[in-house]
There are 2 protein chains.
Amino acid sequence: MRIGELATRTGVSVRALRYYEEQNLLTSQRSPSGQRQYPDSAVDRVQLIQQLYAAGLPSKSIAELLPCVVNGEATPELLDRLSAEQDRIDSRIGDLVSARDRLGTVIAAATANWRTGQRCRLQ
Amino acid sequence: MRIGELATRTGVSVRALRYYEEQNLLTSQRSPSGQRQYPDSAVDRVQLIQQLYAAGLPSKSIAELLPCVVNGEATPELLDRLSAEQDRIDSRIGDLVSARDRLGTVIAAATANWRTGQRCRLQ
DNA sequence: CTAAAACCTGACGCTGACGTCAGAGGCAAG
DNA sequence: CTTGCCTCTGACGTCAGCGTCAGGTTTTAG
């Protein structure tokens, strides 16, 4: 498929796809006239890239880890990188959970105040 | 206390503190000569700001929500904003969990391959 | 009293993941 | 053939959360 179709099928902009190629996250065959050609598997690949971006990895890290993730070409070094990233993600999750809980406390207190007193003061 | 002490006590740079004030996240009294003066409570305030940043909220949202979080001045509108942010955080957590699990799968498979075969191929 | 350290206000720089525009070529339909 | 959409390669714009430098005042230590 061409780049436009890949874009609509993944929900990612054409610009972003070209950017991924520039960052060596995604490769393409070229037609004689120079247009990019993608196999169907590119859809999954793009979604994987999106998932790793969503996990907070910068494109450089993704570029380093993708060969392992996609092809299973793992060296002990790459495995260390992978679990280091996993730890980073875990601690990010911890941050998010505590932030969400804090908001939860605030919401509960403010809602209670709202129902009882109209005028709100925490504590 | 002055801005340098607040910076060291919170682990946040002086520049960042001034930026927070610029974004209306943090206020200060000024000494006659114009230097910023903070009460002890500013330490907690800054840590709260950091926590909300870590949760992925942009400063504009933080500025809107802080009056509610700090003073409990909640309108139904603000309460809606708060739970909307909570939902956003929850879905971010979901993204992170699935990304971490994906890495976990990769690590397990690659490790197994590494131990059994030296040459790695997933699936 | 003086030198160093801390503080002030601009204001420009930086990074990442794209958006956007320009100018030009490619391709299926009528 | 030409109209209209898709694609191409630069290359500059954007935005947030600061870093950093300049040039000047204030506070503190000796």
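Just so we're on the same page: letters track the sequence lines, and every chain starts at 1. It should be emphasised that the depicted structure is a prediction, and the values quoted were computed from it without experimental measurement.
Of the possible donor and acceptor atoms, none in the side chain of B:Arg100 sits under 3.5 Å from a partner among the backbone N and O of A:Glu85. Listed for the A:Arg81 side chain is no donor-acceptor partner under 3.5 Å among the backbone atoms of A:Pro76. Between the side chain of B:Ser61 and the backbone N or O of B:Leu57 there is no donor-acceptor pair closer than 3.5 Å. Side chain of A:Ser83 to main chain of A:Gln86: no donor-acceptor pair is present (N/O by atom type, distance under 3.5 Å, no hydrogens or angles).
Side chain of B:Tyr53, nearest nucleotide from D:dC8, D:dC18, C:dC18: D:dC18. Of the candidates C:dA6, D:dT9, D:dT20, the closest approach to any side-chain atom of B:Arg2 belongs to C:dA6. The listed nucleotides are C:dC8, D:dC18, D:dT9; the one nearest the side chain of A:Arg18 is D:dT9. Taking the side chain of B:Ser33 as heavy atoms from C-beta on, and the options C:dC12, D:dG17, D:dT26, the nearest nucleotide is D:dT26. When distances run from any side-chain atom of B:Arg36 to the nucleotides D:dC18, C:dG19, C:dT9, the shortest one goes to C:dT9. Of the candidate nucleotides C:dC18, C:dC8, D:dT7, C:dC8 has the atom nearest to the side chain of B:Ile3. For A:Gln35, the side-chain atoms get nearest to D:dC6 when compared with the rest of D:dC6, C:dC18, C:dA6. For B:Pro58, taking side-chain heavy atoms from C-beta onward, the closest of the listed nucleotides C:dA17, D:dC18, D:dG17 is D:dG17.
Between B:Lys60 and B:Pro32, it is B:Lys60 whose nearest contact on DNA chain D lies nearer the 5' terminus.
Residue B:Ser13 is classed as a sugar-phosphate contact, given heavy-atom separations below 4.0 Å to backbone atoms only.
Between the CD atom of A:Gln23 and the C1' atom of C:dA17 there is a distance of 9 Å, rounded to whole Å. In this entry the distance linking CE of A:Met1 with P of D:dC6 reads 16 Å, nearest Å. At whole-Å resolution of the value, CD in B:Gln37 and P in C:dA6 are 16 Å apart. Separating the CD atom of A:Glu21 from the P atom of D:dT9 is a distance of 7 Å, rounded to the nearest angstrom. The distance between atom CD of B:Glu5 and atom C1' of D:dT27, rounded to the nearest whole Å, is 14 Å. A straight line from CG of B:Leu25 to C1' of D:dC18 spans 13 Å, rounded to a whole angstrom. Straight-line distance from the CZ atom of A:Arg9 to the P atom of D:dC6: 17 Å, rounded to whole Å. Rounded to a whole Å, the CD atom of A:Glu22 is 14 Å from the P atom of D:dC12.
At C:dG16, none of the side-chain N or O atoms of A:Ser59 fall inside 4.0 Å of OP1 or OP2 (strictly under the cut-off). Residue B:Tyr19 places none of its side-chain N or O atoms closer than 4.0 Å to OP1 or OP2 of D:dC18. In this model, the phosphate group of C:dA17 is not approached by any side-chain N or O of A:Tyr20 to a distance below 4.0 Å at OP1 or OP2.
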So A:Met1 and A:Val43, side chain to side chain contact (heavy atoms under 4.5 Å, CB included) or not? Walk me through it.
CA-CA 10 Å; A:Met1 79 190 78; A:Val43 175; 4.1 Å; yes
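Taking a 6.0 Å sphere around CD of A:Gln29, one finds it holds 12 or fewer heavy atoms contributed by other residues, nucleotides or ligands.
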